[in-house]
Number of protein chains: 2
Amino acid sequence: MVTIKDVAKVAGVSIATVSRVIHDGHQVGEACRARVKKVIAELGYRPNSNARALVSKTTNTLGVVTPKLSMPFFGSLASGVEKGARENNYKLLMSNSLYETKSEQEAIDSLRDHNCQAIILHSEYSDEKTLLKLANEIPGLVLINRYMPAIANRCVWLDNVAGARQATDYLINRGHKNFAVITSIYQNGDPGFRLQGIRESLKLAGLHLAEAAIEESTANMEGGEQAVQALLNKGIQFTALLAYNDLMAIGAIHALFAAGLRVPEDVSVIGFDDLIVSRACRPRLTTMHYPVEEMASYATKLAIQLSDTSIEPENRTHLFIPQLVERDSVADAPESRG
Amino acid sequence: MVTIKDVAKVAGVSIATVSRVIHDGHQVGEACRARVKKVIAELGYRPNSNARALVSKTTNTLGVVTPKLSMPFFGSLASGVEKGARENNYKLLMSNSLYETKSEQEAIDSLRDHNCQAIILHSEYSDEKTLLKLANEIPGLVLINRYMPAIANRCVWLDNVAGARQATDYLINRGHKNFAVITSIYQNGDPGFRLQGIRESLKLAGLHLAEAAIEESTANMEGGEQAVQALLNKGIQFTALLAYNDLMAIGAIHALFAAGLRVPEDVSVIGFDDLIVSRACRPRLTTMHYPVEEMASYATKLAIQLSDTSIEPENRTHLFIPQLVERDSVADAPESRG
DNA sequence: GTGAAAGCGCTAACAC
DNA sequence: GTGTTAGCGCTTTCAC
């Protein structure tokens with residue numbers, strides 16, 4: 001390994017001079033700087049980032065904690081963070097929290113050990129108190145997809161209620177009157193807000209949503225299938241189905257066709273997230289676009305900014321709005337057709 | 001920040017003793033150890049990993065370079081690496097190479113700066129010479145999804161030829177005689193090997209594959225659609241379609257239905273990779289399972305092992321075989337049905 | 001069993 | 001402009 005000493009020796013200068021040259025120091029003589037640069041190139045010298053971090057206490061390292069990278073949603077999130085990190089010349093440390101409080105905590109701790117100045121956290125399980133404490137200890141901590149009023153300016157989140165309302169309104173405008181909803185068994189967080197949005201819109205339109213028309217299941221394809229089967233078994237009549245997310249929506253479409261129902265002719269289905277899968281199913285899924293990647297990049301820049309405590313943080317929150325993506329899984333209500 | 005000195009002071013011992021306690025040192029007195037441990041817990045002391053890395057020259061850090069995390073395939077790869085890293089108590093540094101030689105190189109360099117002892121590299125663009133040089137400099141470098149004879153024992157790869165043969169044979173056994181293939185315009189690497197496998201199997205079965213029945217396009221859904229449209233426009237007759245990957249296969253299914261052809265009744269379609277999307281489309285896609293996540297975990301352990309130059313590396317390569325996953329997009333050939 | 005001390009590679013005063 | 005020097009927090013001999 002070639003160190004700053006080696007460079008200094010070969011170039012016939014002191015290590016301080018080499019250090020200055022590296023830091024674009026304009027306080028070094030022309031000729032000298034050129035010589036040092038040449039030696040650096042020849043020797044292939046690369047500063048040791050550990051030594052640098054140790055003394056300067058600034059690591060230019062950013063950490064991200066998500067449940068599981070193999071889930072396309074989190075892959076996109078990670079990709080957005082990576083982009084933000086790269087653009088700011090930060091290194092990216094990554095940790096899966098595996099949907100567990102304990103490993104979530106471990107993941108965060110390990111990032112802290114590594115002196116991450118900025119951390120992007122997608123936390124589903126830690127309680128508010130823990131998060132608040134953490135936020136207090138780490139200025140560069142930003143929460144993504146979670147809103148906590150006490151640290152509103154550290155939250156980058158999506159307006160799930162508005163998104164769900166938009167989806168519901170769209171269906172209402174298409175003439176639908178008979179709704180069913182499939183949602184996650186875990187009603188804290190996103191699922192709860194989306195359901196709330198659905199309820200609000202329906203109520204405003206004077207439409208009734210029976211409790212029996214809301215089916216809970218796991219938030220994946222299988223869950224979507226099962227939920228629809230349950231709905232059908234109960235004899236619920238519906239022409240419009242709102243799914244908690246794309247995966248459930250796709251499972252629903254499978255189950256609907258298996259039951260001899262056509263999408264969108266008999267039943268319109270709408271998803272949420274706009275993952276790649278939504279373009280893979282047939283019919284292509286109409287859904288609410290969740291700009292995760294963009295939000296993640298944004299959160300990254302915010303985290304880096306906040307980690308510099310010398311600048312006063314803005315006192316505002318960071319709210320994104322989902323957009324409707326019209327594809328082929330929604331049609332006008334059968335009864336309203338010519 | 002609480003340092004080892006703080007702990008030593010509070011516990012009334014020297015920093016050396018604290019260090020020993022941390023390292024499970026059994027060379028510390030019972031009472032003393034207990035006291036130090038208590039202080040560590042009380043103060044919430046966590047060793048500074050930079051300082052540690054600096055002196056011990058062992059960072060326990062692993063880097064991974066993939067084109068883009070938002071692609072489900074690479075998300076899975078990253079997830080596998082994360083698992084391997086976590087199990088070995090390694091930290092994970094991540095870099096996107098964005099499908100460009102230059103950023104691929106930058107990504108690798110940045111990992112080196114950070115003293116990664118082990119690196120998992122999914123390289124599509126760097127040439128063999130560059131890779132060889134790199135492998136030479138970094139003992140813990142492992143190539144995933146690329147085979148280079150000169151460093152065979154550093155390669156974790158998939159037998160694409162065998163996979164393609166298996167897929168083709170399966171179709172042949174189902175009575176198909178008229179084949180078409182849609183593949184990537186980039187024929188270096190995986191696409192070339194898969195096409196080779198297809199050709200071998202067909203030839204062995206005495207079946208002819210006209211050049212016109214091979215259509216090249218981009219390796220995504222749109223590419224799959226376009227390729228099938230081109231095939232259809234040319235008037236190619238086929239009952240079996242082999243797609244380079246799942247995405248192309250799904251695009252193909254869309255195009256086939258759009259043209260009034262049913263899958264699998266009129267045309268059987270087979271994919272490759274077994275991404276989540278393959279379970280999202282209708283009919284569900286029969287495909288070759290690519291065990292990326294498993295391979296990535298394996299590669300990670302291998303890289304960590306290789307990075308320890310004190311142990312002699314095994315002189316063998318690491319080859320994985322894809323597995324056929326039967327779902328609903330393949331049926332017996334129409335002409336062979338009762 | 002425990003402490004003192006050297007030093008990992010680097011940055012940042014502080015001299016000259 | 002350039003060099004000297006004091007650490008950053010830690011591990012690791014080497015004494016005692």
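Below, chains carry the letters A, B, ... as their sequence lines are ordered, and counting in each starts from 1. Computed from a prediction, not measured in an experiment: that's the story for all the values here.
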Nucleotide dC8(D), atom C1' - distance to CG of N48(A) in whole Å: 13 Å

Ignoring backbone atoms, establish whether K5(B) has a side-chain N or O less than 4.0 Å from OP1 or OP2 of dC10(D). no

Between which nucleotides of DNA chain C, 5' to 3', does chain B make heavy-atom contacts below 4.0 Å? dG1(C) to dG9(C)

Would you call E87(A)-K301(A) a salt bridge at under 4.0 Å N-O? yes

What I want to check is whether the side chains of K91(B) and S110(A) have a donor and an acceptor closer together than 3.5 Å. no

Electrostatic pair E100(B):K102(B) at N-O distance under 4.0 angstrom: no

In whole angstrom, what separates R52(A)'s CZ from dG9(D)'s C1'? 18 Å

Going by atom type alone, with no hydrogens or angles, which donor-acceptor pairs under 3.5 Å involve a side-chain atom of residues 1-12 of chain A and a protein atom two or more places apart or on another chain?
from, atom 1, to, atom 2, distance (Å)
T3(A), OG1, K5(A), N, 3.1
D6(A), OD2, T3(A), N, 2.8

Taking CD from Q27(B) and P from dT12(D), how many angstroms apart are they, rounded to a whole number? 11 Å

note: I22(A), atom CD1; dT2(D), atom C1'; distance rounded to Å ~ 15 Å

Given Q117(B), which of L62(B), T61(B), N60(B), L306(B) fulfils the side-chain contact (heavy atoms from CB on, under 4.5 Å) condition? N60(B)

Spacing of L54(A) atom CG relative to dT11(D) atom P, expressed in whole Å: 12 Å

Expressed as a whole number of angstroms, how long is the span from M1(B):CE to dC10(D):C1'? 10 Å

Short heteroatom pairs, N/O only, protein and nucleotides 3-6 of chain D, under 3.5 Å:
from, atom 1, to, atom 2, distance (Å)
dG3(D), OP2, S14(A), N, 2.9
dG3(D), OP2, S14(A), OG, 3.2
dG3(D), OP2, T17(A), OG1, 2.6
dG3(D), N7, R20(A), NH1, 3.4
dG3(D), N7, R20(A), NH2, 3.4
dG3(D), O6, R20(A), NH2, 2.2

Let me know which of I138(A), L131(A), N145(A) forms a side-chain contact (heavy atoms from CB on, under 4.5 Å) with L121(A). L131(A)

side-chain hydrogen bond (donor to acceptor under 3.5 Å, both in side chains) contacts in which one or both residues fall within residues 146-159 of chain B, not counting sequence neighbours: W157(B)-T317(B)

Return no unless some side-chain N or O of K57(A) is found under 4.0 Å from OP1 or OP2 of dG9(D). yes

For the pair made of CG in D113(A) and C1' in dC10(D), what is the distance, rounded to whole Å? 14 Å

Using rotation axes that map the C1' atoms of four end pairs onto the next four (five pairs an end), what angle separates the end axes of the helix from dG1(C)-dC16(D) to dC16(C)-dG1(D), to 10°? 40°

Check ring pair (Phe, Tyr, Trp, His ring centres under 6.0 Å) between H122(A) and all other residues, then give those that pass, not counting sequence neighbours. F74(A)

So which one's nearest nucleotide on DNA chain C is more toward 5', V55(A) or S56(B)? S56(B)

